[in-house]
Novice: 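Please read through the structure below; I'll follow up with questions.
Convention: sequence-line order gives letters A, B, ...; per-chain numbering from 1. The shown structure was predicted, so the numbers you read here are calculated from the model rather than taken from an experiment. Just so you know, these numbers use all the heavy atoms, side chains as well, and skip hydrogens, waters and symmetry mates.
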There are 2 protein chains.
Amino acid sequence: MKNNIKVERAKKDMTQEQLAEALCVSRQTINAIEKNKYLPSTLLALKMSNLFGLTVNELFILEEGD
Amino acid sequence: MKNNIKVERAKKDMTQEQLAEALCVSRQTINAIEKNKYLPSTLLALKMSNLFGLTVNELFILEEGD
DNA sequence: ACTAAAAGTATAATATATTTTACATAAAGC
DNA sequence: GCTTTATGTAAAATATATTATACTTTTAGT
């Protein structure tokens, strides 16, 4: 599993903390997702999708073995 | 939050058990998601997305208050 | 080099998702 | 009515996501 959160966040010129606030989650959650420590819930993935204007499928990419 | 799993499953003429097997989860998980007891993980949502040929966003729809 | 802001990391606590087992109900065919 | 298959439901156990607190490291500006 791979994701583009860090890149999309950079496009919007947001810090992890700003993104966390916009999504009503903690900064650690954003950091953990960017560092691939775990996947977000579908709810959070959909909120990110809305915020970045991309589908969940575009933000989170399945890889071999997932 | 709303989802179209039951309808898409019907289109494919699959039982909950068949869908569960195809996705490597338990039948109860499928049932619980269809009955909106909880949301799947993003991993499972993406697998469903692949199987049905729809984006996660098309399968799971945010509503007011989510 | 100093400072401040941002990002990374760790651990424990809580919340949510998933499994397993088991039983109850609904629908369909015979 | 009986049987079978599909669906609904429940409780306990496990796995995973999220939070809170706190500390370290990196980065950028001065």
Novice: I need the CD1-C1' distance between A:I30 and C:dA6, as an integer number of Å.
Specialist: 14 Å
Novice: Can you tell me how far apart CG (B:N4) and CD (B:E58) are? Round to the nearest 0.5 Å.
Specialist: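 B:N4 atom CG to B:E58 atom CD measures 9.0 Å (nearest 0.5 Å).
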Novice: With side-chain contact (heavy atoms from CB on, under 4.5 Å) as the test, pick out the partner of A:L46 among B:I61, B:D66, B:T42, B:N57.
Specialist: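 Answer after filtering B:I61, B:D66, B:T42, B:N57: B:N57.
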Novice: Do side-chain atoms of B:R27 reach the backbone of B:A20 as a donor and acceptor pair under 3.5 angstrom?
Specialist: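 Checked: no pair found.
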Novice: Taking CG from B:L23 and P from C:dT19, how many angstroms apart are they, rounded to a whole number?
Specialist: 10 Å
Novice: Do any side-chain nitrogens or oxygens of B:N31 fall under 4.0 Å of OP1 or OP2 in D:dG8?
Specialist: yes
Novice: Taking all non-hydrogen atoms of both residues, which atom of B:I33 and which atom of B:F60 are closest, and how far apart?
Specialist: CG2-CE2, 4.1 Å
Novice: Ignoring backbone atoms, test whether B:Q16 places a side-chain nitrogen or oxygen under 4.0 Å from the OP1 or OP2 oxygen of D:dG8.
Specialist: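 Yes, within the criterion.
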Novice: Please check: side-chain N/O of B:N3 versus main-chain N/O of B:N36, any donor-acceptor pairing under 3.5 Å?
Specialist: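 Judged by distance alone, no pair lies under 3.5 Å.
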Novice: Mind calculating the distance between CZ (B:F60) and C1' (C:dA17) to the nearest angstrom?
Specialist: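 The answer, rounded to whole Å, is 13 Å.
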Novice: Measure from the side-chain N and O atoms of B:K12 to the backbone N and O of B:L51, and report whether any donor-acceptor pair falls under 3.5 Å.
Specialist: yes
Novice: So which heavy atom on A:M14 is nearest to which on A:Q18, and how close?
Specialist: CA-OE1, 3.2 Å
Novice: How many whole angstroms separate atom CD of B:E34 from atom C1' of D:dT9?
Specialist: 14 Å
Novice: Quick one: pull up CD1 in A:I5 and NZ in A:K35 and give me the separation to the nearest 0.5 Å.
Specialist: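 Spacing of CD1 (A:I5) from NZ (A:K35) equals 14.5 Å.
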Novice: Taking only the side-chain nitrogens and oxygens of B:K35, find out if one of them lies under 4.0 Å from OP1 or OP2 of D:dA10.
Specialist: no
Novice: A:V56 versus B:T55: any side-chain heavy-atom pair under 4.5 Å?
Specialist: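 Result no, sub-4.5 Å side-chain heavy-atom pair not found.
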Novice: Per the end-axis method with five pairs at each terminus, what is the bend angle of the helix from C:dA1-D:dT30 to C:dC30-D:dG1, to 10°?
Specialist: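 The end axes of the helix from C:dA1-D:dT30 to C:dC30-D:dG1 are about 50° apart, to the nearest 10°.
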Novice: Could you give the CG-to-C1' distance, from A:L43 to C:dA15, as a whole number of Å?
Specialist: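 In whole Å, C:dA15 C1' lies 13 Å from A:L43 CG.
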Novice: Which heavy atom in A:Q16 sits nearest to a heavy atom in A:I30, and how many Å separate them?
Specialist: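 Looking at all heavy atoms of both residues, the closest pair is O-CG1, 3.9 Å.
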Novice: Find the distance A:D13:CG to C:dA5:P and express it as a whole number of Å.
Specialist: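 Taking atom P of C:dA5 as the reference, CG of A:D13 is at 16 Å.
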Novice: Give the B/S/- string for nucleotides 16-30 of chain D, one per nucleotide from 5' to 3', where a protein heavy atom under 4.0 Å of the base yields B, of only the sugar-phosphate yields S, and otherwise -.
Specialist: -SBB-BB--------
Novice: Taking CZ from A:R9 and P from C:dA5, how many angstroms apart are they, rounded to a whole number?
Specialist: 17 Å
Novice: Output a table of nitrogen or oxygen pairs between the protein and nucleotides 26-28 of chain C separated by less than 3.5 Å.
Specialist:
none

Novice: Where is the tightest heavy-atom contact between A:L62 and B:K47, given as atom of each residue plus distance?
Specialist: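 Closest pair (atom of A:L62, atom of B:K47, distance): CD1-N, 4.3 Å.
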